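Notes follow the structure.
From a predicted model like this one, the values you see are computed outputs, not experimental measurements. Numbers restart at 1 for each chain; the letters A, B, ... are given by sequence-line order, proteins then strands.
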Number of protein chains: 2
Amino acid sequence: MPPPELAAKVRALPAAAVARLTLYLRALNALLAEGAERVSSEELAEASGVSSSNVRKDLSYLGSYGTRGVGYEAQFLSRRITAALGLTQEWRVAIVGAGNLGRALARYAGFESRGFDVVALLDQDQLVIGHEVGWLRVSDVAQLESVLERSKANMVVLALPAEAAQDICDRVIAAGVHSILSFAPVLLQVPEYVNLRKVDMATELQILAYHAQRLPETGSESA
Amino acid sequence: MPPPELAAKVRALPAAAVARLTLYLRALNALLAEGAERVSSEELAEASGVSSSNVRKDLSYLGSYGTRGVGYEAQFLSRRITAALGLTQEWRVAIVGAGNLGRALARYAGFESRGFDVVALLDQDQLVIGHEVGWLRVSDVAQLESVLERSKANMVVLALPAEAAQDICDRVIAAGVHSILSFAPVLLQVPEYVNLRKVDMATELQILAYHAQRLPETGSESA
DNA sequence: GCGTGTGAATTCCTTCACAGCT
DNA sequence: AGCTGTGAAGGAATTCACACGC
């Protein structure tokens with residue numbers, strides 16, 4: 001039972017608000033880098049592509065930290081959102097699958113810069129195991145459990161083919177890691193206490209296709 | 001004014017339904033591969049992780065193609081969804097950015113297999129231009145417009161750093177491609193007639209972090 | 001005066017529950 | 001009898017609009 005050290009972590013945020021808070025954080029940090037000290041909901045809205053009333057509503061879930069007639073103190077708000085999202089603690093990510101995508105993710109600087117440490121990269125293929133990718137050496141997925149333990153990973157990214165995903169997913173959960181981001185194009189069966197998010201690029205293109213196909217071919221011209 | 005060749009494309013589907021239709025399609029094709037001929041909403045629900053009433057409601061947007069007391073004819077339903085999503089036409093995808101992610105996407109077999117043809121890969125870096133990645137040769141992004149035209153691309157994937165994204169995005173739109181999937185972690189400003197979807201992996205991890213941090217550390221044990 | 005904070009109104013999505021067809 | 005199709009109910013998220021405090 002860890003005692004709550006920072007105030008106000010308890011109330012659950014609406015799922016949609018959580019997603020947007022990450023956008024506000026990104027926008028805020030950009031504004032801070034430009035030297036901003038105060039921001040209004042209107043500015044944040046502009047910078048993150050959300051309506052200003054939505055911004056205010058979302059921020060109000062964290063508490064009343066703005067000043068009427070003035071706005072929000074940028075530095076403070078950034079820290080407040082960081083805390084609310086749980087980004088004050090260290091997140092250690094293991095990537096399973098060292099194919100094209102897994103290797104790209106392992107080298108992706110965007111993770112490190114936002115506080116996610118990629119601590120392990122695993123694969124099943126003997127030809128890949130032992131090779132260096134970025135600053136990591138590829139481990140054998142047969143040793144998944146011990147690698148997760150030694151690396152103290154608390155998140156896993158699955159970057160592997162559909163066929164392998166469920167099996168590895170089960171092992172990851174059994175090993176005690178309950179936060180999983182999957183790029184595998186299959187439905188993964190997990191207990192409800194597990195946090196699973198899915199990213200499927202083919203799905204994204206299909207959704208684009210739907211909208212593209214419905215549009216009356218605006219603005220362009222086949223010369 | 002293109003005459004509607006296939007029946008019933010006109011009514012707009014709810015956005016949430018479109019996203020799920022891609023799941024049903026995937027599930028259906030898997031079931032078909034296993035030799036299924038009929039499926040019930042219950043089976044589809046199971047296979048795609050959606051409630052069965054939601055499945056029925058979504059399918060009802062496409063028309064009444066099920067048989068009461070029996071279910072849906074799998075082959076037919078698959079084709080119907082394919083048509084509704086606009087996947088009967090050829091989609092030609094150009095990937096801008098041949099860094100880790102762009103190269104991984106270019107080689108990702110999942111696109112081809114779902115009807116998306118990767119027809120071009122572009123980069124700005126002279127050291128990369130001309131190299132082969134998969135079955136493609138990297139083009140110079142300076143020639144973006146002519147490459148898009150020659151390759152007849154009608155979708156673009158942006159796999160490039162935040163700084164470059166807006167500029168390239170503008171050029172893509174000016175060149176007449178209005179369906180864009182962006183992996184760049186920035187807000188892109190686009191006219192409303194453009195279809196833009198965003199995938200941000202750092203955001204996904206941050207959302208995971210939020211949920212992980214709220215959970216009372218279930219089931220696992222730091223040995 | 002100005003921008004936040006928030007109830008109320010609205011829109012969008014999901015689930016319920018059952019009538020209707022096979 | 002069984003499963004679809006769908007109005008109606010319920011819930012979630014967004015927008016509105018204005019009172020409140022600086």
Per nearest nucleotide of DNA chain C, the residue lying toward the 5' end, B:Ala15 or A:Gly66, is A:Gly66

Taking 4.0 Å as the cut-off, does a side-chain nitrogen or oxygen of B:Tyr61 come that near to OP1 or OP2 on C:dT14? no

Separation of D:dT14 atom C1' from A:Leu13 atom CG, nearest Å, is 16 Å

* Asked: More than 12 non-hydrogen atoms from neighbouring residues, nucleotides or ligands closer than 6.0 Å to CD on B:Gln124, yes or no?
  -> no

Q.
A side-chain contact here means heavy atoms from C-beta on lying under 4.5 Å apart; do A:Leu158 and A:Ile168 qualify?
A. yes

Rounded to whole Å, CG of A:Leu77 lies from C1' of C:dT4 at a distance of 12 Å

Nearest-nucleotide check on DNA chain D, A:Thr67 vs A:Ala16; residue mapping nearer the 5' end is A:Ala16

A:Glu73 with A:Arg38: basic N within carboxylate O range, under 4.0 Å: no

The reported gap from CZ in A:Arg56 to OG in A:Ser40 (rounded to nearest 0.5 angstrom) is 9.5 Å

Check whether any side-chain heavy atom of B:Cys169 lies under 4.5 Å from a side-chain heavy atom of B:Ile173, and answer yes or no.
yes

note: A:Leu62, atom CG; C:dG5, atom C1'; distance rounded to Å ~ 13 Å

note: B:Arg38, atom CZ; D:dT4, atom C1'; distance rounded to Å ~ 14 Å

Are OP1 or OP2 of C:dG3 and a side-chain N or O of A:Tyr65 less than 4.0 angstrom apart?
no

Whole-Å distance, A:Glu73 CD to C:dT4 P, equals 14 Å

Side-chain atoms of A:Arg20 come closest, of C:dC13, D:dA13, C:dT14, to D:dA13

Notebook entry, point to check: Does the distance from a Lys or Arg side-chain N to an Asp or Glu carboxylate O, for B:Asp200 and A:Arg114, drop under 4.0 Å?
Noted result: yes

Q: Output, in order, the C-alpha distance, side-chain angles, deciding distance and verdict of ring-ring contact (aromatic ring centres under 6.0 Å, His included) for A:Tyr65 and A:Tyr72.
A: CA-CA 7 Å; A:Tyr65 293 115; A:Tyr72 304 86; 9.0 Å; no

Quiz item: Does any non-hydrogen side-chain atom of B:Met201 lie less than 4.5 Å from one of A:Phe183?
Solution: yes

Handout entry: No-H, no-angle donor-acceptor pair, A:Arg68 side chain to D:dC20 base, under 3.5 Å
Key = yes

Ordered by number, residues from residues 53-60 of chain B within less than 4.0 Å of DNA chain D (heavy atoms) are B:Arg56, B:Lys57, B:Ser60

Practice task
Report yes if the side chains of B:Leu87 and B:Ile81 come closer than 4.5 Å at any heavy-atom pair, otherwise no.
Solution key: no

B:Ser64 has its side chain closest, among C:dC21, D:dT6, D:dA13, to D:dT6

In numerical order, the residues of residues 40-48 of chain B whose heavy atoms come under 4.0 Å of DNA chain D are B:Ser40, B:Ser41

